[in-house]
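One structure is given here, and the rest of the page talks about it.
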Amino acid sequence: MAIFIISVLGVSDTGSAAKETWVKEKPEATSFRLKDLTAVITVKIKNNDNNVQYFKIGHVYQGSLSENSTIKWLIQWTDPAALKMVKSRSPELGGDYGWKIKPGETKTVSFGLQATGDMGEIPSYIVNVESLYG
């Protein structure tokens, strides 16, 4: 995700620092159109509990799409292999997967995600919201 805040600092003719000046952006020049978005995430997890815990991969993450919209992801791969969870928040996206973490265990896991819908097959824009109303 990219957020652009453009500011210009200058020096006056007398050599003293000038005030900060904000430049109005043109959304058509500073927005990004994204499609086929992928992500690779690596996480180190430590179970500080006395019981086995599970670290679960989510399919839906808040994004910079329209208001109250999310980016939906399909799990492409996991390392090490993940277990399919019994309960799923997003069964329509293939079910949830995760790793068993034993008491006191520290585990490093990686997984690859591919966006579906907006930013997947459907191109979407990321734009600095302030430039639209500035």
Side-chain angles (χ1 to χ4, degrees):
M1 184 180 318
I3 299 175
F4 289 97
I5 299 176
I6 301 172
S7 75
V8 177
L9 294 174
V11 176
S12 70
D13 290 338
T14 62
S16 62
K19 291 184 177 179
E20 191 173 84
T21 304
W22 291 96
V23 177
K24 186 170 180 173
E25 298 175 49
K26 293 182 179 178
E28 62 276 7
T30 58
S31 64
F32 287 91
R33 185 174 185 207
L34 296 178
K35 181 183 162 207
D36 299 322
L37 183 65
T38 61
V40 173
I41 300 171
T42 299
V43 182
K44 186 181 233 179
I45 310 149
K46 178 164 178 135
N47 180 358
N48 292 324
D49 200 357
N50 292 326
N51 302 308
V52 169
Q53 297 293 325
Y54 286 85
F55 176 78
K56 186 166 82 169
I57 303 171
H59 286 283
V60 180
Y61 297 90
Q62 199 61 40
S64 257
L65 304 174
S66 58
E67 193 172 327
N68 296 322
S69 184
T70 56
I71 301 172
K72 294 182 178 169
W73 301 90
L74 299 173
I75 299 167
Q76 298 296 300
W77 57 267
T78 66
D79 183 33
L83 304 168
K84 188 162 187 172
M85 301 286 103
V86 174
K87 292 184 180 179
S88 176
R89 294 184 73 191
S90 305
E92 73 281 6
L93 296 173
D96 294 342
Y97 286 80
W99 293 271
K100 180 179 182 177
I101 315 291
K102 297 174 187 169
E105 180 182 15
T106 299
K107 185 178 277 195
T108 299
V109 299
S110 296
F111 51 99
L113 302 172
Q114 170 76 46
T116 184
D118 289 340
M119 293 195 185
E121 310 82 46
I122 304 168
S124 299
Y125 290 90
I126 293 179
V127 69
N128 180 359
V129 176
E130 293 177 12
S131 70
L132 298 174
Y133 305 107

Lys100 NZ to Lys107 NZ distance, which is reported to the nearest 0.5 Å: 9.0 Å

Can you list everything that forms a side chain to side chain contact (heavy atoms under 4.5 Å, CB included) with Pro80? Sequence neighbours excluded, please. Trp99, Val109

Taking transitive links into account, so neighbours of neighbours count too, which hydrophobic residues share a cluster with Val52 at under 4.5 Å side-chain distance? Tyr54, Leu83, Met85

Results of side-chain hydrogen bond (donor to acceptor under 3.5 Å, both in side chains) for Asp49 - residues two or more places apart only: Gln53

Donor-acceptor pair, Thr78 side chain versus Ala82 backbone, under 3.5 Å? yes

If a pair satisfies salt bridge (Lys or Arg N to Asp or Glu O under 4.0 Å) and one of its residues is in residues 80-99, list it, with sequence neighbours excluded. Lys56-Asp96

Can any side-chain N or O of Glu121 pair as donor or acceptor with the backbone N or O of Gly117 at less than 3.5 Å? yes

Distance in Å, Trp73 CH2 paired with Leu93 CG, rounded so as to fall on 0.5 Å steps: 12.0 Å

Identify each donor-acceptor pair in which a side-chain atom of residues 36-44 lies under 3.5 Å from a protein atom, sequence neighbours left out, and give them as a table.
| from | atom 1 | to | atom 2 | distance (Å) |
| --- | --- | --- | --- | --- |
| Thr42 | OG1 | Ser110 | OG | 2.8 |

For Asn50, check side chain to side chain contact (heavy atoms under 4.5 Å, CB included) against everything at least two apart and list the hits. none

So, taking the atom named CZ in Phe55 and the one named CD1 in Ile45, what distance separates them when rounded to the nearest 0.5 Å? 4.5 Å

How long is the span from the CD1 atom in Ile75 to the OG atom in Ser90, to the nearest 0.5 Å? 9.0 Å

Is there a side-chain contact between Leu113 and Gln76, using heavy atoms and a 4.5 Å cut-off? no

For residues Gly95 and Ser88, report the shortest heavy-atom separation together with the two atoms involved. CA-OG, 3.4 Å

